[in-house]
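Working notes, beginning with the structure itself.
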Amino acid sequence: MCGIVGFVSEKNCLEEIKGGLEKLEYRGYDSAGVAFFSKGKISTLKKKGRVSSLFPLLQGKTSNCGIGHTRWATHGAPSDINAHPHRCGKFVIVHNGIIENYGELKKELAKKDKYPLSETDSEIIAMLLDNCYKGDVVEAVREVVKKLKGAFAVAVLCEDFVGKIFLFKRENPLIVGRGEGFFCFASDSPALISHTPLLCKMKDGDICEIDKTQAIFYEEKGKIVERVFIPSSLKSDSANKGDFQSFMLKEIYDIPKAIKNTLCKFEKIGLSSLAQKKLRNANHFLFLGCGSAYHACVYGKYLTEKITPLCASAETAGEYRYRRSNLPKNTVVVAVSQSGETADTVTAVKKAKSEGAFVIAITNVPSSTITTFAHESLVTLAEVEIAVAATKSYNTQLVALYWLVSEVALMHKKATYGAVYLGEKLRSAIIKTLDVAEEMHRIAKRYLGISKVFFLGKNFDYATALEGALKMKEISYIQVEGIPSGEIKHGPLALIDENCLVVHIITDYTLLDKCLNVVEEVSARGGETLIITSLNLPDKGVKVVKIPKLDAELMPIVSVIPTQFLAYFMAVEMGLDADKPRNLAKSVTVE
Ligand code: M6R
């Protein structure tokens, strides 16, 4: 949901800002822009389209202090005029988030004959700063923050303070970095780590003022406070795609390593004694997440029911936050989020806590917003995931869920697979499954031009069906639905014709007959089925992709991989950018 980045340095830093924007492009790519000091004045350059379309405008320009923005449009279409930075008087701002009351604020300013140029909610921030400013930017920011409703991370340049950047935030992430002869900031650490590992995550309510020699932090009431910079654990090459054609493909091949590292970490660290106590007393698990993370939750629900005596439910965080939940006593809420910043999931976590639930977060980003609100956090080690479509982070979420739910099963003296089995058997099954890449590529070519796809699965395979469907629809823009196998006869069968492909995931032997009935039903109506299976199937005259066999509760970690490849190659064959699908962004920090 928009990325912001900036540097203030002893040297020209426009190259660093350009590099930072490229690294943040996964957060939005509708338009990009920069503002920088040049001969004591602020220059602003912005352009509709990807970050690369901005770069020609920057040729030959230099500056040692500037800010940049890459946009995911919320208010106002992607256009040059709606692109950030926005300017009013001496102030230029870039903003990530949504100002919910911008309509009211605009009306107030209109009374003073001040009108915005753009259709964005963000421009109002520059207008308010200009209106409240009496020579002290920090004071003006404090005034403005009081008026704003919504979530924001904002960087400000003021023409009266050449070589300074002012930062403030509420709910949306903002990280300040410190290096030799420079300070910098960004919405996310990958934009900074190739320059400095020393990072400080800003707190809500803090205002920060940086120049090339120092960072001064002010707390909400304006008092100067100490904030600590700590070395980031991210590797500086983790946001590079190496020899792979795209981040998504690289990230699929990262899965074995991501799973191994995640499991090793969990085995080493374990759960806190408080979490153990809460889990021992728990009688209900509620899994919450959005998109792929929600599909991981569906897996968590089936798993809990299968290997523990607890009852379990899974729900999208956006639905849970707006309903009366009547959570049973001793509910443990497991909130799953790759970024740890998804607005719906963050709010759901707050709600669950206020209802007395113990909250465990599963996220891929240490010190993300969700980890700060949850009682306990399991941080997966998938490392940075750049492609908008989640792949390795999803597999590690499933592994984290397996590990967590197994801990509960053990508390109830139920048998589970130990870390050694998972580390060896699961990993080798995954590595073998990566070999289906070529086959999936051939299949993608064969079905090019298909207009409808259904992904089917029962129980654990249903989670994979949902995830496979989401993957394909988000990067190939084909109309795809993921449904439980048995549901097809309750309506979707009406859509089956020769222009429709049914991808059926079948990995549970106990459900095989039921699933094969569905294969027959689809064939009888002229539909084509592709089966992804770990089982030995009788010949049904349909295409079968074979993957290694593990018990049903582990299969989703493996069986999702062919669906990731299928979606990827479909997008590639259609000439689409698999890493940056239209209209989407990686981290959805707005409601
Ligand atoms: O960062 P989160 O896991 O909370 O993100 C949730 C969804 O926005 C995300 O999974 C989205 O659906 C992905 N694009 C799926 O590939």
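The structure displayed is predicted, hence computed values, not measured ones. As the structure lists them, so they are numbered: ligands from 1, and atoms in each ligand from 1.
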For atom 14 (N) of ligand 1, which of the options M248, E385, E474, H295 provides the nearest non-hydrogen atom? E474

With a cut-off of 4.0 Å, which atoms of ligand 1 are near a heavy atom of Q338? 1 (O), 2 (P), 3 (O), 4 (O)

May I ask you to identify, for L470, whether its side chain, its backbone, both or neither come under 4.0 Å of ligand 1 on a heavy-atom basis? side chain

Examine the side chains of N82 and T120 and answer whether a donor and an acceptor come within less than 3.5 Å of each other. no

Nearest-neighbour protein heavy atom for atom 10 (O) of ligand 1, which is reported as residue plus atom name and distance: S292 N, 3.1 Å

Carboxylate-amine/guanidinium proximity below 4.0 Å for E251 and K392: no

Could you tell me which residues satisfy ring-ring contact (aromatic ring centres under 6.0 Å, His included) with Y302, sequence neighbours excluded, listed by chain and number? none

Considering non-hydrogen atoms of the protein only, which is the closest contact for atom 8 (O) of ligand 1, and what is the distance? V588 CG2, 3.9 Å

Any donor-acceptor pair under 3.5 Å from E376 side chain to S272 backbone: yes

Any heavy atom of K471 sitting closer than 4.0 Å to ligand 1? yes

Any ion pair linking D344 and R321 (charged N to carboxylate O, less than 4.0 Å)? yes

Could you identify the single nearest non-hydrogen protein atom to atom 5 (O) of ligand 1 and state the distance to 0.1 Å? T342 OG1, 3.4 Å

